[in-house]
Chemist: 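Provided herewith is a single structure, encoded as structure tokens, for subsequent inquiry.
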Amino acid sequence: MTENVEVVYDCGHDCSVKARELGMEFVSVQYPNDSDDFMTALERIVAGFIDASEVQG
């Protein structure tokens, strides 16, 4: 997982160029930290730990 825009660009650009050179299709997937579903799931997990610690504390 990366948040560095330069890494995202370089991977997308360099890999797509190399894939074309090799006659391959290049497909880029959404990064997990850009996904609303991922962030919602993470929020629920963290909230569960917070709720549990408040009950125990």
Side-chain angles (χ1 to χ4, degrees):
M1 179 167 39
T2 184
E3 293 179 359
N4 185 322
V5 71
E6 291 177 32
V7 172
V8 172
Y9 174 81
D10 289 344
C11 286
H13 178 266
D14 295 345
C15 294
S16 65
V17 169
K18 189 64 171 177
R20 264 195 309 274
E21 289 174 2
L22 297 172
M24 300 170 65
E25 178 183 10
F26 176 79
V27 178
S28 180
V29 298
Q30 185 178 28
Y31 286 89
N33 59 342
D34 280 346
S35 165
D36 289 337
D37 292 338
F38 177 79
M39 296 309 292
T40 299
L42 183 59
E43 176 187 20
R44 289 178 182 158
I45 292 168
V46 171
F49 280 107
I50 292 170
D51 291 344
S53 70
E54 289 176 357
V55 170
Q56 294 174 358

Chemist: Flag yes if Phe38 and Val46 sit in one hydrophobic cluster, no otherwise; membership is Ile, Leu, Val, Met, Phe, Trp, Tyr, and two members link when side-chain heavy atoms are under 4.5 Å apart.
Modeler: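 Both belong to a single hydrophobic cluster.
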
Chemist: About how many Å separate CZ of Arg44 and OG1 of Thr40, when rounded to the nearest 0.5 Å?
Modeler: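 Answer for the OG1-CZ pair, Thr40 versus Arg44, is 6.0 Å.
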
Chemist: Taking side-chain contact (heavy atoms from CB on, under 4.5 Å) as the test, write out the residues that go with Ile45, two or more places apart.
Modeler: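 Ile45 satisfies side-chain contact (heavy atoms from CB on, under 4.5 Å) with Phe49 once adjacent residues are dropped.
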
Chemist: Of the non-hydrogen atoms in Phe26 and Ala19, which two are nearest, and what is the gap between them?
Modeler: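 Minimum heavy-atom contact is CB-CB, 3.8 Å.
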
Chemist: Val27: which residues meet the side-chain contact (heavy atoms from CB on, under 4.5 Å) condition with it, sequence neighbours left out?
Modeler: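 Counting only residues at least two positions away or on another chain, Val27 forms a side-chain contact (heavy atoms from CB on, under 4.5 Å) with Glu25.
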
